[in-house]
Number of protein chains: 2
Amino acid sequence: MISYEKLLDDFKALLKENDLKFTKQRELVLKFLYENNEHFTPEEIYMQLKQQHPNMTIGIATVYRTLTLLEGSEIVSSISFGAQGKKYEFGLKKHHDHLICVKCGSIVEFYDSLIEERQKIIVDTFGFQMTDHVMKIVGICKDCQIK
Amino acid sequence: MISYEKLLDDFKALLKENDLKFTKQRELVLKFLYENNEHFTPEEIYMQLKQQHPNMTIGIATVYRTLTLLEGSEIVSSISFGAQGKKYEFGLKKHHDHLICVKCGSIVEFYDSLIEERQKIIVDTFGFQMTDHVMKIVGICKDCQIK
DNA sequence: CTGACTGCAAAATCTTTGCAAAGAC
DNA sequence: GTCTTTGCAAAGATTTTGCAGTCAG
């Protein structure tokens, strides 16, 4: 896993390359996702940042803009969730898929090399050039089955 | 593949069971998805139905309500698409996964029994009770690569 | 007839955008 | 200083809801 210092350097370099500026708000969003290894909606990120940094001002629009920026650079990735809305997570980690519980909304990550291999074979069959893939298994998690 | 007559009977029975009424609008949506074996947004369905049946009145709200009803009965299924929005397709066919082209938006279906098997093994490992799963491979289709 | 269904328009979500002030470099 | 970024509020886009009239059974 990349260290936060390295991540921050990379992010600053990326910004510089594109003539973008390094701002406190951008750092806050990046740091939040780095430190909280979970999936959040833009709204959740916004609320938590406001709470954690009462003396800072940050707007929901900036959270959206920053997430779009980070996703474009593949530093964060998103997963669509339910009827509408997306959840974001820190993206510079090993590729993984998701188990999503419809009762409690919890998300568990998993990785299966057999499935990954198989996907490559499939796209080749179709002459398709894969840029990304998403596998979501939806159901009821262990805990919610007991309840 | 189920015949349209059987489908219609099943649908009517389903409605009756739930004290719902069989209406022309509900039939139109069902028929449209049955006859057009593709993926549509609610808006697309609405526009096409209006065009195909100029003498009928149908509202976008009814399309949404009907899709929700049909999805709840698993007669149609949906796939979330891009930033927001869902596409719907007729659902009473063999399970399959999707290849989605980011350039032209085309969707190709595929089925791979090895992946299906593997998913079952994974959920068992986690004690998860699977109700559904979605696998989307995103990329650039053959045609768009040439262009 | 009765209660569900429909279309319409208004409301509710969620996300993006315009703009003037503030901040990075 | 210049040019980007920000927060705010307004605008957009998509989906849902309230309601009075309409229609199925």
Side-chain angles (χ1 to χ4, degrees), chain A residues 8-9 11-30 32 39-51 53-73 76 78-88 105, chain B residues 8-9 11-30 32 39-51 53-73 76 78-88 105:
Chain A
L8 203 56
D9 283 350
F11 183 49
K12 284 180 181 172
L14 176 86
L15 290 172
K16 190 161 282 176
E17 267 173 45
N18 295 285
D19 290 315
L20 301 174
K21 292 177 196 295
F22 177 76
T23 65
K24 193 73 188 158
Q25 286 83 350
R26 283 176 176 163
E27 193 196 344
L28 281 183
V29 174
L30 177 67
F32 179 81
H39 302 74
F40 301 95
T41 62
E43 183 73 20
E44 284 166 353
I45 296 168
Y46 170 65
M47 294 305 281
Q48 295 225 26
L49 287 179
K50 283 197 83 156
Q51 204 179 334
H53 306 270
N55 46 330
M56 264 299 293
T57 71
I58 187 162
I60 185 78
T62 299
V63 173
Y64 274 101
R65 284 185 283 228
T66 304
L67 288 172
T68 301
L69 170 68
L70 291 171
E71 188 173 19
S73 315
V76 310
S78 69
I79 184 168
S80 59
F81 192 76
Q84 54 197 34
K86 275 187 185 180
K87 284 192 173 185
Y88 289 84
Chain B
L8 203 55
D9 284 350
F11 183 49
K12 284 179 179 173
L14 177 86
L15 291 172
K16 190 162 281 175
E17 269 175 43
N18 295 286
D19 290 314
L20 302 173
K21 292 176 194 296
F22 178 75
T23 65
K24 194 73 190 158
Q25 286 82 353
R26 283 177 176 162
E27 193 197 344
L28 281 182
V29 173
L30 177 67
F32 179 81
H39 302 75
F40 301 95
T41 62
E43 182 74 19
E44 283 166 352
I45 296 168
Y46 169 65
M47 295 305 282
Q48 296 226 25
L49 287 180
K50 284 197 81 156
Q51 204 179 333
H53 306 271
N55 45 332
M56 264 298 294
T57 70
I58 187 162
I60 185 79
T62 298
V63 173
Y64 274 101
R65 285 184 283 226
T66 304
L67 288 171
T68 303
L69 170 68
L70 291 171
E71 188 173 19
S73 315
V76 311
S78 69
I79 184 168
S80 59
F81 192 75
Q84 56 196 33
K86 277 186 186 180
K87 283 192 174 185
Y88 290 82

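Just so it is clear: chains get the letters A, B, ... in the order the sequence lines come, proteins before strands, and each one is counted from 1. What's counted below: heavy atoms across the whole structure, side chains too, no hydrogens, waters or symmetry copies.
- Between B:Gln25 and C:dG7, a side-chain N or O to OP1/OP2 separation shorter than 4.0 Å is present.
- Residues that satisfy the side-chain contact (heavy atoms from CB on, under 4.5 Å) test with B:Phe32, not counting sequence neighbours, are B:Asn36, B:Phe40, B:Ile45, B:Gln48, B:Leu49, B:Gln52.
- One interatomic measurement links the two molecules: CG of A:Leu28 to P of C:dA24, which rounds to 12 Å at whole-angstrom precision.
- Note: OH (B:Tyr46) to P (C:dT6) measures 14 Å, nearest angstrom.
- Distance check: A:Glu44 CD to A:Tyr88 OH gives 12.5 Å after rounding to the nearest 0.5 Å.
- For C:dT15, the OP1/OP2 oxygens have a side-chain nitrogen or oxygen of A:Tyr64 closer than 4.0 Å.
- Summarising the geometry, the separation between CZ on B:Phe11 and C1' on C:dC5 is reported as 12 Å, rounded to the nearest angstrom.
- Rounding to the nearest 0.5 Å gives a distance of 12.0 Å between CG of B:Leu67 and CZ of B:Arg65.
- A:Ile58 comes within contact range of the sugar-phosphate backbone alone, with a heavy-atom separation under 4.0 Å but no base atom that close.
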Taking only nitrogen or oxygen atoms into account, show me every contact under 3.5 Å that the protein makes with nucleotides 23-25 of chain D, one pair per line with its distance.
{"residue": "D:dA24", "atom": "O3'", "partner": "B:Phe22", "partner atom": "O", "Å": "3.3"}
{"residue": "D:dG25", "atom": "OP1", "partner": "B:Phe22", "partner atom": "N", "Å": "3.4"}

Distance-only donor-acceptor pairs under 3.5 Å for side chains of residues 19-30 of chain A, two or more places apart:
{"residue": "A:Thr23", "atom": "OG1", "partner": "A:Arg26", "partner atom": "N", "Å": "3.2"}
{"residue": "A:Gln25", "atom": "NE2", "partner": "A:Thr57", "partner atom": "O", "Å": "3.2"}
{"residue": "A:Arg26", "atom": "NH1", "partner": "A:Lys21", "partner atom": "O", "Å": "2.7"}
{"residue": "A:Glu27", "atom": "OE2", "partner": "A:Tyr4", "partner atom": "OH", "Å": "3.0"}

Protein and nucleotides 17-22 of chain C: nitrogen or oxygen contacts under 3.5 angstrom:
none

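- Put simply, CZ on B:Arg26 is 14 Å from C1' on D:dT22, counting in whole angstrom units.
- Spacing between atom CD of B:Glu27 and atom P of C:dT6 amounts to 13 Å, rounded to whole angstrom units.
- Inter-axis angle, ends of the helix from C:dC1-D:dG25 to C:dC25-D:dG1, five pairs per end, rounded to 10 degrees: 40°.
- As a whole-Å value, the separation of B:Ile60 CD1 from D:dT17 P is 15 Å.
- Side-chain atoms of A:Thr62 do not come within 3.5 Å of backbone N or O of A:Ile58 as any donor-acceptor pair.
- Here the P atom of nucleotide C:dT15 and the NZ atom of A:Lys86 are 8 Å apart, to the nearest Å.
- With a 6.0 Å radius and a threshold of 12 heavy atoms from other residues, nucleotides or ligands, B:Met56 has its CE atom above the threshold.
- Annotation: salt bridge (charged side-chain N to carboxylate O under 4.0 Å, His left out) contacts of B:Glu71 (sequence neighbours excluded): B:Lys86.
- Partners of A:Lys50 by side chain to side chain donor-acceptor pair (under 3.5 Å), not counting sequence neighbours, listed by chain and number: A:Tyr46.
- Here D:dT5 presents its P atom at 13 Å from CG of A:Leu70, a figure rounded to the nearest Å.
- Take B:Leu14 and apply the side-chain contact (heavy atoms from CB on, under 4.5 Å) test, not counting sequence neighbours, and it matches B:Phe11, B:Asn18, B:Ser73, B:Ile75.
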